[in-house]
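The structure under discussion appears below in the form of structure tokens.
As a basis for the values below, the full set of heavy atoms in this structure was taken, side chains included, without hydrogen atoms, waters or symmetry mates.
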Amino acid sequence: MASAVTYTAEWPVLVSIIFSPPQNYPLYIRSVPTENELKFHYTVHTSLDVVDEKISAMGKALVDQRELYLGLLYPTEDYKVYGYVTNSKVKFVMVVDSSNTALRDNEIRSMFRKLHNSYTDIMCNPFYNPGDRIHSRAFDNMVNSMMMQVC
Amino acid sequence: GWMNKHLNLVPALVVVFYELDWDEPQWKEKQSECATRVEIVRQSLQGRNTKVAVVLIQKKTPLPPGEDVIASERAAALCNACDLSGKSLFVLPHTDHLVGYIIRLENAFYEHAQTYYYTEIRRVKSHKEFLNKTTHQLLFVRHQFKIAFFSELKQDTQNALKNYRTAYNLVHELRAHETNMLEIKTMAGFINYKICRLCFQHNTPLDAIAQFRKHIDLCKKKIGSAELAFEHAAWMSKQFQAFGDLFDEAIKLGLTAIQTQNPGFYYQQAAYYAQERKQLASMLCNHDSSVIYPNPDPLETQTGVLDFYGQRPWRQGILSFDLSDPEKEKMGILSLQLKEKNVLHSELIITLLSNAVAQFKKYKCPRMKSHLMVQMGEEYYYAKDYAKALKLLDYVMCEYRSEGWCTLLTSILTTALKCSYLMAQLKDYITYSLELLGRASTLKEDQKSRIEKNLIKVLMNESPDPEPDCDTAAVKASQKLWADRVSLAGSNVFTIEVQDFIPFVQCKAKFLAPSFHVDVPVQFDVYLRADCPHPIRFSKLCISFNNQDYNQYCVVEEAYQKSDILEQSSQGTMCLVPGKTRKFTFKFVAKTEDVGKKIEITSVDLILGSESGRCVILNWRGGGGDAASSQEALQAARSFRRRPKLPDNEVHWDSLTIQASTMIISRVPNISVQLRHEPPALTNEMYCLIVTVQSHEDTVAKDVKLTAGLKPGQDANLTQKTQVTLHGTDACDESFPALLPDIPVGDLQPGEKLEKPIYIRCGTVGARMFLVYVSYLIDTIVEGKEILCKCHRDETVTIETVFPFDVAVKFVSTKLEHLDRVFADIPFLLMTDILSASPWPLTIVTTQLQLSPSMTPVDQLESYVENVVLQTGESASECFCLRCPPVTNASGVATGCYIISWKRSSPVESVPVVSTVITLPHVIVESIPLHVNADLPSFGRVRESLPVRYHLQNKTDLVQDVEVSVEPSDAFMFSGLKQFLGTTISAE
């Protein structure tokens with residue numbers, strides 16, 4: 001076990017918010033643990049392919065009937081990537097260790113809701129400029145508590 | 001092994017073809033010859049259960065079975081002789097239906113082969129029944145696998161799959177130990193491959209995927225010997241690759257894959273394991289070069305092949321888990337490790353990655369593709385193929401840049417910088433340094449500082465320090481390359497177009513106004529800002545315009561001296577201080593030819609370094625801005641954030657906007673143009689518009705030209721119905737133009753005033769726009785330069801045109817009674833009524849009645865309204881007595897026309913008289929048989945007789961009887977005939 005270097009590193013959870021297209025840059029990205037962060041970033045970035053595809057597939061559905069939670073985007077050997085997209089096409093992506101069986105779909109969904117609510121609070125701040133990277137203590141705390149709960 | 005034997009060596013059925021007809025005369029000889037042949041075949045198959053069959057090739061069509069007695073007899077005999085069952089003897093008539101016979105034979109052979117494999121399966125099964133689970137565990141797997149294998153050969157894929165599955169489960173029931181781990185995994189891999197293949201064949205891809213997942217989960221942890229851990233990674237990689245291949249194969253045969261489940265993922269995973277293998281190999285196989293390959297080779301076996309797949313060559317046939325010979329074991333492991341050392345890992349990884357890239361490209365995963373390409377690039381970097389690495393990295397860089405993933409971009413750039421350093425690629429090295437120093441880079445300050453120092457070295461034509469974490473041998477080689485570059489003269493100027501990336505110098509150019517008058521100098525600012533950690537010097541800043549004549553005025557250049565480099569007067573003009581915005585103001589005088597044109601900044605060039613060392617030209621297209629600046633500008637525009645107050649001479653970078661073009665407009669004219677006229681215009685009159693031009697210039701306005709007339713761009717009909725002339729004395733006709741261009745007026749002295757009347761004739765009513773445009777040339781001095789400016793001023797005026805008067809015409813009888821028709825030969829009156837509609841008094845000069853030939857005047861037709869002046873609303877009437885001879889035309893008779901000659905009663909004498917022609921209406925002429933005319937005195941006196949005389953006139957050719965009765969009114973007494981009968985004679 002100890003010899004497998006890259007693939008068994010612990011990566012409990014990673015949260016990121018990506019701004020709506022056409023600018024798909026990350027507004028917020030956090031990972032625990034912080035080493036190998038680059039790989040997380042790549043993971044989140046590549047998962048946008050699936051998000052884009054899912055959004056375009058449900059483009060025809062009515063907006064108010066649409067499910068914001070996209071579910072499992074794609075499973076890989078070691079982690080699972082989940083997605084969520086708001087009506088304004090702001091994307092949320094979460095990466096969890098695939099060995100973490102305690103997290104079921106419902107938990108993931110409620111975590112996304114929480115994230116969405118916090119994000120909404122940030123957007124309501126008149127001093128926040130949509131499109132700026134998020135630097136908010138309240139948001140950090142919320143994400144921290146969520147990660148704590150998961151790990 | 002045995003699989004090859006059964007696939008390629010041992011036949012299931014041997015068929016002997018023999019030419020023999022049933023009615024062969026030498027039957028006996030032939031029969032025995034055939035039997036010998038069969039015997040030979042049988043001999044060679046000694047010990048095998050291979051079936052033998054005989055096919056007789058015959059020239060004649062056989063009779064239906066049972067009819068040919070000889071045939072059945074001889075067949076039985078032949079079977080006997082060859083020791084064959086009747087079912088194994090076939091006849092192939094060489095006749096017309098050859099193909100049909102062949103197909104039938106094929107099926108028959110197929111059946112025989114199946115029977116053969118069936119018996120083989122039975123044989124293996126019977127072996128298996130003797131087995132005991134505890135002692136023969138290994139054979140269980142072997143037999144089960146054999147059964148499945150034979151089923152597959154029998155083309156019974158369902159059973160094959162079933163048996164393979166059982167075999168697979170049996171494999172995992174085996175007691176695993178470090179010594180036999182490889183063998184177990186090898187077997188599991190084989191069987192798994194077979195299962196997945198059959199699942200795909202049965203079109204149950206989900207089963208295949210599930211089996212593969214199970215397989216991986218079961219085997220992932222079975223690493224085996226820690227010293228040979230790379231073997232496990234290699235095996236894992238192989239598993240994923242094989243599954244990817246199977247998946248891809250299935251897709252080629254019609255399976256549809258989806259974005260989240262396609263062979264690409266398996267290739268990708270295979271590549272990851274290959275990378276892991278590489279890491280493990282580098283960790284476990286880092287033997288000294290003094291370690292030599294063991295002799296004798298422990299990997300050699302006596303036979304040259306292995307007895308069983310996955311066994312250690314030096315440990316064949318040993319079932320015990322204990323290590324019998326630790327020394328031998330050590331040697332074996334060492335030899336495997338040394339062999340692994342020679343494997344070209346990077347090549348394997350790159351192949352797998354490129355397979356994955358090809359798949360992801362197909363399944364709409366552009367980002368996944370980019371990611372894999374980055375990995376490929378990195379792998380090439382490790383493999384020291386820097387050129388390829390750079391090519392790949394450069395290709396994907398822009399995607400990460402445009403999506404704004406700075407961390408990822410920085411990481412790619414760092415690798416790219418290393419590559420370019422190791423290849424001593426100057427231009428790439430500079431480009432990547434520029435971006436890594438820029439604001440999109442997430443590097444730490446110390447890193448940036450290091451890179452900037454290197455960049456400055458490169459600019460001074462020195463070798464940069466090596467990048468960290470580079471292969472030492474490669475660094476050595478590159479240092480030599482760099483030294484060569486330094487000594488190499490020439491080609492030291494690099495132009496780098498910056499709009500495609502995010503360099504560390506930002507630039508914004510801004511014209512101070514969107515337009516400049518030609519007599520005012522054009523001014524613009526260029527703002528520069530550096531994001532690097534240390535101040536940076538530049539040697540030149542120049543700006544290019546679409547009109548290149550201006551380029552020479554917009555250059556900031558340092559009189560370059562060698563000693564300046566050492567002297568750190570960093571606050572000089574030619575130095576950019578990090579975080580501070582530098583402003584350069586330029587000013588030039590626009591050329592008069594450019595009036596009305598746009599002056600655009602086509603590029604801004606900032607030159608770093610010097611021509612004596614190395615020179616880098618940063619080239620911004622347009623007025624500055626790079627790959628990220630438009631997004632930043634958008635964010636800045638949205639932001640409500642209050643910006644801290646800065647000293648007066650500094651500006652906030654974000655608040656600056658690029659203004660890369662300006663218009664050159666003509667000088668503001670210093671003359672006045674006034675129009676004097678009396679609207680509205682009257683139809684067809686020569687309407688007078690007096691233009692007054694007065695110069696307020698200080699110098700002479702030369703070459704003054706006047707353009708006047710109908711403003712272009714209005715209704716085309718108006719152009720035809722409007723004429724303009726300078727001479728109002730005589731009326732103009734249709735041939736006159738609607739616009740008089742460029743009437744030379746001469747020069748205007750300062751303060752001089754000029755009046756010019758213009759006459760306009762409007763043929764129709766309605767509004768028209770008229771343009772009066774005055775242009776002139778004048779000398780002015782701008783910034784000490786004398787230029788000849790063209791100025792102009794224009795005025796437009798809308799003039800309404802109305803009818804001067806309404807003319808009403810009516811026909812009345814001589815008793816002034818209204819007539820809607822007139823009677824032939826009987827005089828009537830034509831009354832005309834001119835009602836002035838003009839707001840200005842009109843003078844009716846004269847009127848004239850022009851009768852048509854069918855009308856004759858009764859008396860003189862002279863005008864009664866000559867020189868009458870009509871005020872607004874007043875009217876002038878006249879009446880003419882006419883007679884119309886009898887006509888046959890019942891529809892009406894033309895009366896003629898009425899010509900009114902008139903003019904405005906304005907004081908301008910020269911106004912010509914306008915004649916307005918009014919066509920008189922047609923009138924219906926009726927002939928009457930009898931005309932009664934009363935001859936009454938104009939008045940009577942009370943109690944005096946009033947003589948009345950009636951004239952009766954017969955207007956026909958016939959004699960008429962008339963009865964006349966007179967009925968007096970109560971006011972009169974009556975004398976004379978009251979009633980009267982008589983005849984009238986015809987008029988002739």
Side-chain angles (χ1 to χ4, degrees), chain A residues 1-9 16 18-27 29 31 34 36-54 56-57 70-78 80-81 83 91 93 98-99 125-133 135, chain B residues 213 216-217 220-221 223 226-227 229-230 232-233 236 240 258-262 265 268-269 272-273 275-276 279-280 283-284 360 363-372 374-375 399-412 440 628 631-632 634-642:
Chain A
M1 212 35 233
S3 54
V5 183
T6 7
Y7 296 95
T8 48
S16 87
I18 291 104
F19 196 59
S20 55
Q23 312 101 3
N24 267 324
Y25 59 86
L27 293 181
I29 191 155
S31 59
T34 43
N36 225 335
E37 203 173 343
L38 201 62
K39 200 164 168 60
F40 282 137
H41 287 221
Y42 275 119
T43 307
V44 175
H45 185 243
T46 49
S47 72
L48 288 180
D49 284 337
V50 187
V51 174
D52 279 356
E53 193 64 20
K54 289 207 175 196
S56 68
L70 300 176
L72 184 63
L73 295 180
Y74 65 90
T76 58
E77 279 300 282
D78 309 285
K80 291 176 181 157
V81 187
K91 296 146 195 159
V93 174
S98 57
S99 64
N125 177 355
F127 297 105
Y128 176 74
N129 186 16
D132 279 352
R133 274 144 178 95
H135 301 288
Chain B
R213 288 245 62 84
I216 290 302
D217 287 345
K220 199 156 47 171
K221 305 281 165 66
I223 294 162
E227 285 155 301
F230 55 82
H232 177 68
M236 287 295 277
F240 276 100
I258 52 166
Q259 193 192 33
T260 52
Q261 190 57 261
N262 69 58
F265 285 101
Q268 187 194 12
Q269 201 63 35
Y272 285 159
Y273 277 109
Q275 279 168 347
E276 191 181 325
Q279 278 180 7
L280 288 167
M283 235 157 61
L284 295 169
F360 283 118
Y363 296 100
K364 287 190 228 161
C365 301
R367 294 183 187 91
M368 188 61 110
K369 196 186 105 193
S370 308
H371 175 40
L372 290 171
V374 170
Q375 287 184 318
E399 282 165 47
Y400 288 98
R401 192 183 291 124
S402 65
E403 290 216 310
W405 285 72
C406 297
T407 37
L408 303 183
L409 178 64
T410 307
S411 132
I412 297 167
Q631 168 65 15
E632 281 163 358
L634 185 71
Q635 282 300 103
R638 277 200 204 136
S639 178
F640 293 117
R641 196 167 299 138
R642 196 141 55 97

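Most heavy-atom pairs under 4.5 Å with chain A, from the set Cys406(B), Pro366(B), Ala233(B): that is Pro366(B).
Counting heavy-atom neighbours within 6.0 Å of Lys220(B) NZ, excluding the residue itself, gives a total above 12.
A distance of 10.5 Å separates OG in Ser411(B) from NE2 in His41(A), rounded to the nearest 0.5 Å. The line from CZ of Arg367(B) to CG of Leu48(A) is 4.5 Å long, rounded to the nearest 0.5 Å. In this structure, CH2 on Trp405(B) lies 4.5 Å from CD1 on Ile29(A), to the nearest 0.5 angstrom.
Counting all heavy atoms, side chain and backbone alike, Asp49(A) lies closest to Met368(B) at OD2-N, 2.8 Å. Between Leu38(A) and Thr407(B), the shortest heavy-atom distance links the atoms CD1-O, 4.0 Å. Pairing each heavy atom of Gly404(B) with each of Pro26(A), the nearest pair is O-CD, 3.9 Å.
For a residue to count as touching a neighbouring chain, one of its non-hydrogen atoms must lie under 4.5 Å from one of that chain's; by this rule Ile216(B) touches chain A with the side chain only. Contact of Phe230(B) with chain A is not made at all, since no heavy-atom distance falls under 4.5 Å. Heavy atoms closer than 4.5 Å to chain B are found nowhere in Leu72(A), neither backbone nor side chain.
Phe265(B) pairs by the ring-ring contact (aromatic ring centres under 6.0 Å, His included) definition with Tyr74(A), Phe360(B), not counting sequence neighbours. By the ring-ring contact (aromatic ring centres under 6.0 Å, His included) test, Tyr42(A) is found to be paired with His371(B), Tyr400(B), residues two or more places apart in sequence or in another chain being considered.
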Between Val50(A) and Gln259(B), does a side-chain contact (heavy atoms from CB on, under 4.5 Å) hold up when you go through it step by step?
CA-CA 7 Å; Val50(A) 187; Gln259(B) 193 192 33; 3.8 Å; yes
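Checking side-chain atoms of Glu53(A) against main-chain N and O of Tyr363(B) turns up no donor-acceptor pair under 3.5 Å.
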